[in-house]
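Here is the structure we will look at.
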Protein chains: 2
Amino acid sequence: MATQKDVARLAGVSVSTVSRVLNGSSLVDEKTRDKVQAAIKKLNYRPNLLAYSLRARSSRLVGLILPELTSIHASFLQQVEESCMERGYSVMVGLHRNDCEREKALIDEFQRRNGDGLILYPAIDGQNVSNNLMEYISIPVVLYEHSFGGQFGNVTFNNYEAGAMAARYLLKLGHRNLACTVGPMGSKFLRDRFWGFYNELKKQGLTVQEKNIYRCDFNYQVSNFQSGGEAVDYFLEGRSPEDTPTAIWAHNDNVALGILKGLHKRGIRIPEEISVVGVDNISLTEVYYPSLTTIGQPVKKMAEKAVEMLVRQIESKDGYRAGNLVMEPELVVRESTGPCAGWKRLQSEKQAGA
Amino acid sequence: MATQKDVARLAGVSVSTVSRVLNGSSLVDEKTRDKVQAAIKKLNYRPNLLAYSLRARSSRLVGLILPELTSIHASFLQQVEESCMERGYSVMVGLHRNDCEREKALIDEFQRRNGDGLILYPAIDGQNVSNNLMEYISIPVVLYEHSFGGQFGNVTFNNYEAGAMAARYLLKLGHRNLACTVGPMGSKFLRDRFWGFYNELKKQGLTVQEKNIYRCDFNYQVSNFQSGGEAVDYFLEGRSPEDTPTAIWAHNDNVALGILKGLHKRGIRIPEEISVVGVDNISLTEVYYPSLTTIGQPVKKMAEKAVEMLVRQIESKDGYRAGNLVMEPELVVRESTGPCAGWKRLQSEKQAGA
DNA sequence: ATAGATTATGAAATCGATTGTATTCATTAT
DNA sequence: ATAATGAATACAATCGATTTCATAATCTAT
C-alpha cells in the first residue's frame, strides 16, 4: 500500500503538499497539483483511515451493539448499515448475548478504537438492566428500545400503545375471553406491552384471568417459539369449551408463531376457533399459514432515525444531545384473526333481524 | 481518555517505561512497575487501539461482507461475531446488496482501515460474479459459498450433493412425478444445486419435465417467498391430477415456505397430496406448519471454520493460504414430506398380499 | 578497585496522516 | 532600488502507541 510519502517522493514534493492536494487546498500551484495527481494515480494511492482517525479524532465508525441477531434485530442492523453507508460511516457489530460483562467489553473495545458513536440495545441480565453505562461511555450514544430515564438519546417503540392496540382490536372483533403471554418483566418494554394490554381491557371493564396469562421465561428466539407451544398447552389443557379463550395475544411474533403451530397441532382452526395476534411484524409473519395479524414495529424507520440522531450528535459542534423518539405501532391485519364465533352469530342474527 | 503520556507524567516515568509495563517486559523495576500500575488504575487508562494498529500493522479487525441479511446470513454473522470475539477480533459488517461497485467500495474502505482479514460472500451481479477481486484485495480472504477456482481460501457447501440428496430422498418415498425450482443460474452454487438434483434423477432413469421446472428471477428474501407462491401456480394451474407433481423440491427454504403457503391457499394437504423439500434449514423451517423437510446447511460450523481459516492466515508468518473446505449437507426430515400417495397404496397392497 | 556485564530507564524514530509556522521566491508599491 | 505583500512550498509538531538505541546505574568478577 502506497503512502503519502511515496506519492511525495514520486512527485518530487513534500508530504504536506500531497496532503493539501488531497484536501483540495487552494494554496497549491496547478502544475504541482497535476504532478501530485499523476503520482497518486500511478501508485494507486488511497489514504489510510487509521492515520487519519488518529490525527483527526474522528473514525467515521459507528458501533452497533445488540443482544443477538434475531429476525427483528437483523432488519435493524440491515437498515443501520444502509443509513451509515449513505452518510459515509462504517459499522462495527457486537453481540453481548445479554451478558453485562460482555456488553462492557464491547463498548470498551469500541471506544478504544476511537469509534465515533454507538447504537446500543442494552443487556438485560435477569431482572437487571446494565445501569452504570454512563460511567464508561464517553461518546455519543443512541439507545434502541430502552430509555434509561432519558440519560441518553433513544429511539423506542410505544410498547404500551402496542399492547393497548392489540386489546382494542380483539375487543372490537367481539372477543371477551382473552389470553396473553408475558415476557421477562425485568425489561421495561415488555412490562409496557403487558400493561398496555391489561389496562385497555380494564378500561372496558374486562380483565385477563391469571390462568390465561402465560409467563415465558426465556428471551431467545428459539425459546420464544417453544414458549408459544407451551402457552397453548397452558391455555387449553383440561378446559371446557366455555372456559377456553377465543383469542390469544402474544407479546411478540415469535411466541405468536409458536402459538399458531401449537394450535395447528391440536387441529384448532385459526381464526374460526381462536384468533391470534402478535407484536413486531417480523418478516415471517407474512408467510406463515395463516399469516399473522400483528402490531407492527417500524424497525427500519427506527434504525434510520437512530442513525440520523446519532450522526447529528457526532457531527454537532455545540454538544447537541438527542432526545427521546417514540415510534407508534401500526395494526397489521392478516389472516390469524377474525370475529369471535359467538359474536359472529350475534352479528348475523342482528342483520337478519334488521 | 487518558493516554500513556498522562500515565507517564503521573507515575513520574517516561512513556517507554509505561509501554514496557503494559507489554509485560521483564526489563522494568518492580517498584517502577507498581507506580505505573497505580497510575494506570487511577487514570483508568486503556490503550488506544488505533495508535496500536497504526504502529503494529495489525488491527485485530475482521471484515464480513455479505449481500444482505437474510435469515441464513444473519446466523452466519452471529457465529462469525462469536468466533471472532473468542479470538480477540472485532467485526465490521458491510452489505453490498449484489452491487459490485458497492462491494469494491466496502473492500476498499476496509483495507484503508488496516483490516486484518476479510470474509466475503461476493456480489452476484446478474450473470456475472465480480471477478477481478484479486486486483484490489491485498489482505487475507476467505470466501463464503463461492470458490473462484481456488484463488482464495473458501468455505462452501456441497450444493451438488444437497440437490442429489433431495432427489434421492423423494425417490425413496416413491415420488416419480417431481417438480423443482431453480434460482438465477449466474451463481455456480445454485447451478450445482440444480444439477445435483437433475443428475441424480437421470441416474435413476428419470427426469424433470420442463413444465415442472420453475425459474425464480430474484435473489432476495421477500421475492423468494413470492417466487414460491408463483411456482405453485405454475405447477398446478390447469393440470389434470395425473399430470400434477406429487413432490416439489425448492432450491432454498424461503422458496419452499412460499410453496407451502401456496399449497395451503389451494387447500392441498401436505404431505398427503404433495411433499415439499427445501435447502438450507433456516430457523423458521422448524416452526412452520407443517415443519419443512430440508437439506441442512451447517451455517454455524461454516462460519466457525471461515473464521478459523482466516485467523490462521492472518497470524501465520510463513504466508499460509487456506484451501477449499467443502461442508456436507444433512437431510432433516420433518412434516412436509411423506410417501407418494400411489406408492403408499402399492406398499399396503404389497403388505396385504404378503 | 576497576573492567565488563547486566539492568533499568529515557530519548527519539516510527506508523501515516493533518496542520501551524517558517521559508522561499516572485510580484507589487513606494 | 528596496521594502512590503502574497503565493507556493517545506519543515516540524501532533495524534497515541511501540521499539531501537543510547545512557546511567548497579552488580559481578578478577
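Note that these values count all heavy atoms, side chains included, but never hydrogens, waters or copies made by symmetry. All chains are named by letter (A, B, ...) in the order of the sequence lines, taking the proteins before the strands, and each is independently numbered beginning at 1.
- The separation between B:Arg46 atom CZ and D:dG16 atom P is 15 Å, rounded to whole Å.
- Using a 4.0 Å heavy-atom distance criterion, B:Ser26 is classed as a sugar-phosphate-only contact.
- In summary, A:Asp6 and A:Arg9 engage in a salt bridge, as defined by a charged side-chain N under 4.0 Å from a carboxylate O.
- Atom CZ of B:Arg9 and atom C1' of D:dG16 are 13 Å apart (whole Å).
- The nearest heavy atom of DNA chain C to A:Gln4 and to B:Thr17 marks one nucleotide each, and the one closer to the 5' end goes with B:Thr17.
- When the side-chain nitrogen and oxygen atoms of A:Tyr52 are compared with OP1 and OP2 of C:dC15, none of them lie within a distance under 4.0 Å.
- With the nearest nucleotide of DNA chain C identified for both B:Leu27 and A:Ser16, B:Leu27 has the one nearer the 5' end.
- Using a 4.0 Å cut-off between charged nitrogen and carboxylate oxygen, A:Arg102 and B:Glu86 do not count as a salt-bridge pair.
- Across all strands, A:Ser19 comes closer than 4.0 Å to base atoms (heavy-atom distances).
- With rounding to whole Å, B:Asn48 atom CG is found 13 Å from C:dC15 atom C1'.
- With salt bridges taken as basic N to acidic carboxylate O contacts below 4.0 Å, none links B:Arg87 and B:Glu315.
- A straight line from CG of B:Asp6 to P of D:dG16 spans 8 Å, rounded to a whole angstrom.
- Under the 4.0 Å criterion applied to side-chain N and carboxylate O atoms, B:Asp116 and B:Arg60 are not assigned as salt-bridge partners.
- Separating the NZ atom of B:Lys5 from the P atom of C:dA12 is a distance of 14 Å, rounded to the nearest angstrom.
- When the P atom of C:dA26 is taken as reference, atom NZ of A:Lys31 falls 11 Å away, rounded to whole Å.
- A:Ser53 comes within 4.0 angstrom of no nucleic acid atom, judged by non-hydrogen atoms across all strands.
- To the nearest angstrom, C1' of C:dG16 lies 16 Å from CD of B:Gln111.
- In this structure, B:Lys300 is not positioned above the aromatic face of B:Phe76 in the sense of NZ or CZ being under 6.0 Å from the six-membered ring centre and within 45° of the axis.
- The distance between atom CG of A:Leu54 and atom C1' of D:dA13, rounded to the nearest whole Å, is 13 Å.
- Judged by distance alone, the side chain of B:Gln313 and the main-chain N or O of B:Arg321 form no donor-acceptor pair under 3.5 Å.
- Contact annotation for A:Arg57: backbone-only contact, meaning every heavy-atom pair under 4.0 Å involves sugar-phosphate atoms and none involves a base.
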Distances under 3.5 Å between protein N/O atoms and the N/O atoms of nucleotides 25-27 of chain D, please, pair by pair.
none

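- When each of B:Arg20 and A:Ser14 is assigned the nucleotide of DNA chain D with its nearest heavy atom, A:Ser14 is the one assigned upstream, toward the 5' end.
- Inter-residue side-chain proximity for B:Met327 and B:Gln297 is flagged as unmet; no heavy-atom pair is nearer than 4.5 Å.
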